[in-house]
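Here is the structure we will look at, set down as structure tokens.
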Amino acid sequence: MLDSTRRRYGSPKTCHDGRCQTMQLVQLLHVLQRRRRRRRTAQRAVWVRPWIARRPDLGIYNRLLVELRNEDPRAFHNFMRMPPDMFDELVNRLTPRLTRPSTNCRPNLEPGLKVALTLRHLASGTTYMDMQYAWRVPHNTLSKVVREVCEAIVGEYLDELMTCPTTDAGWRHIADGWLQRWNFPHTIGAIDGKHVACKAPPNTASQYYNYKGYFSIILLALVSSDYMFLWEDESGCGAASDAQIYNSELRHGLEHGDITGWPHPDPLPNDTQDVPYLVGDDAFSLRTYLMKPYSSRNLSREECIFNYRLSRARRVVENAFGILANRFQVLLTTMQHHVDTVRLIVRACVLLHNLMQTRYPVLQNTLLDQQLQDGQMVPGEWRRGQILDDTVDVQAPNRASKAAKLQQNLIKH
């Protein structure tokens, strides 16, 4: 305290016995204390702004959402990005985490209002400054509420909606889905990464500046055959590529074989040579546990068929990202949040996507790519809008191992 006072008001003149210096310091401390008392006792011009106090009568949550629920459930779904039944389930599950004890100050926001305004922010990407007038909630309160609700979503649903199997049978059940849906055997998931734009984090130089020319974090995800996110990692910085971000717990577990319950390599149908599991794309180097298309120009018929089958399987992760970004369009904006909040919002959006896929899987069928009987692909609705940028614009360097090339040829045949 004395040191800060000296820095602000200068060092007092010293006396031989030190009494003069002590008296001046005491006087300065008294001045500071009086100023603090005046600040504390200063009356607020307005305790609650009148237009905010009328929230129960005129706010979106108490008026518009009630009308949409009763008169037009389809419009409610479009506004909240989920049906009324799922919204009610979400509110009921999150209420214990969002309820705060009452105080003598302003009344607490009810959990349903917190969930509704958070979902609307995720669905539209509207800034807090714009949302505060329609919802009649101050922008600084909105910033706290959105983070609080996202933390509650992650805490409530993470173990339920994004837990990988722990048994051999569980992983093989996922692989059977790939064989039945996409005719690609020995596949656990399709892996890819996308950029999520954000404002420049302070004191990070070009760490978050990507090759597209803006600041971002990277969402790297492993997706199952039914567009569910099995694993995701949003810790990557924009300057990194898929292959750099891939240096994660997933790669470590695949290379060292320490993923719980991971199935051992076994033969393909009508064959005797063992083959591991996974599928990737051109962003990654070819490995025995990670396949990629043939890159040569003069492809044989068998290689073209292999590339077609692999691309059709890998397209699942692109569809999943497209559905995610078009459902929660905050991911398509340049997010103005702190970078930790950006990562939290991304994880909450992924969990809400998995919740939709679990409860209402048919709602996203119109968004997906469709394939006709003659093999022609019909683009889904998600491709007509803005989508997340990919993490690489060139193929990964050719660092494939001999064993991986042999396995690629084996699957081709």
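With salt bridges taken as basic N to acidic carboxylate O contacts below 4.0 Å, none links R343 and E234. In this structure, E318 pairs ionically with R314, as a charged nitrogen and a carboxylate oxygen lie closer than 4.0 Å. Between R100 and E148 there is a salt bridge, since at least one side-chain N of the basic residue sits less than 4.0 Å from a carboxylate O of the acidic one. Between R172 and D168, at least one side-chain nitrogen of the basic residue sits less than 4.0 Å from a carboxylate oxygen of the acidic one, meeting the salt-bridge criterion.
Here the CG atom belonging to D192 is positioned 11.0 Å from the CG atom belonging to L222, to the nearest 0.5 angstrom. The CG atom of L331 sits 8.5 Å away from atom CD1 of I345, with the distance rounded to the nearest 0.5 Å. Rounding to the nearest 0.5 Å places OG1 of T99 at 11.5 Å from CG of L109. Put simply, OH on Y61 and CD on E110 are 4.5 Å apart, with the number rounded to the nearest 0.5 Å. Between F87 atom CZ and R69 atom CZ the span is 6.5 Å, to the nearest 0.5 Å. Atoms OG and OH, from S216 and Y211 in turn, are 9.5 Å apart once rounded to the nearest 0.5 Å.
With a 4.5 Å cut-off on side-chain heavy atoms, L117 and V145 count as touching. Counting only heavy atoms from C-beta outward, the side chains of L332 and Q329 approach each other to under 4.5 Å. At least one side-chain heavy atom of V330 sits under 4.5 Å from a side-chain heavy atom of T333. Contact annotation: the side chain of V316 never approaches that of S225 to less than 4.5 Å [non-hydrogen atoms, C-beta and beyond]. At a threshold of 4.5 Å between non-hydrogen side-chain atoms, the residues L161 and Q357 do not count as touching. Contact check for L28 versus L32: no side-chain heavy atoms found under the 4.5 Å cut-off. Within the 4.5 Å cutoff, the side chain of R147 has heavy atoms near those of the E151 side chain. Using a 4.5 Å cut-off on side-chain heavy atoms (C-beta onward), P138 and T141 make contact.
When all heavy atoms of L352 and L122 are compared, the pair lying nearest together is CD1-CD1, 3.9 Å. Here the closest non-hydrogen pair linking L58 and R63 is CD2-NH1, 3.8 Å. The nearest pair of heavy atoms linking L230 to C164 is O-SG, 3.3 Å. Considering all non-hydrogen atoms of both residues, N210 and G238 come closest at CB-O, 3.1 Å. When every heavy atom of I188 is checked against every heavy atom of I174, the shortest pair comes out as O-CG2, 3.2 Å. Summarising the geometry of V66 relative to N62, their closest heavy-atom pair is CG2-O, 3.5 Å, with the distance given to 0.1 Å.
Panel note: side chain R97, backbone G155; a donor-acceptor pair is recorded below 3.5 Å. A donor-acceptor pair under 3.5 Å links the side-chain atoms of N92 to the main chain of D88, judged by distance alone. Looking only at distances, a side-chain donor or acceptor of R136 sits under 3.5 Å from a matching main-chain atom of W51. At least one donor-acceptor pair under 3.5 Å links the side chain of T187 to the backbone N or O of P185. Side-chain N or O atoms of N354 include none that pairs as donor or acceptor with a backbone N or O of M228 at under 3.5 Å. Distance alone, capped at 3.5 Å, places no donor-acceptor pair between the R120 side chain and the M80 backbone. Although no hydrogens or angles enter the test, the distance criterion places a donor-acceptor pair under 3.5 Å between the side chain of H353 and the main chain of Y227. Between the side chain of K114 and the backbone N or O of L98 there is at least one donor-acceptor pair closer than 3.5 Å. At distances below 3.5 Å, not a single donor-acceptor pair connects side-chain atoms of T341 with backbone N or O atoms of H337. A distance-only check finds no donor-acceptor pair linking the side chain of W178 to the backbone of H186 [under 3.5 Å].
Using a 30° and 60° split on the angle between ring planes, F79 and W135 fall in the parallel class, below 30°.
Judged by the 6.0 Å and 45° rule, R309 forms no cation-pi pair with F184.
For H121 and Y128, the ring centers are positioned less than 6.0 Å apart.
For R74, the CZ atom sits in a loose shell: 12 or fewer heavy atoms of surrounding residues, nucleotides or ligands are nearer than 6.0 Å.
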Could you walk me through whether F306 and Y294 pass the ring-ring contact (aromatic ring centres under 6.0 Å, His included) check? CA-CA 8 Å; F306 175 89; Y294 287 95; 5.3 Å; yes

For side-chain contact (heavy atoms from CB on, under 4.5 Å), just list the numbers for D340 and L344, CA-CA rounded to whole Å, side-chain angles, deciding distance to a tenth of an Å, and then say yes or no. CA-CA 6 Å; D340 291 336; L344 178 64; over 6 Å; no

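For Y133 and H139, the side-chain atoms include no donor-acceptor pair closer than 3.5 Å.
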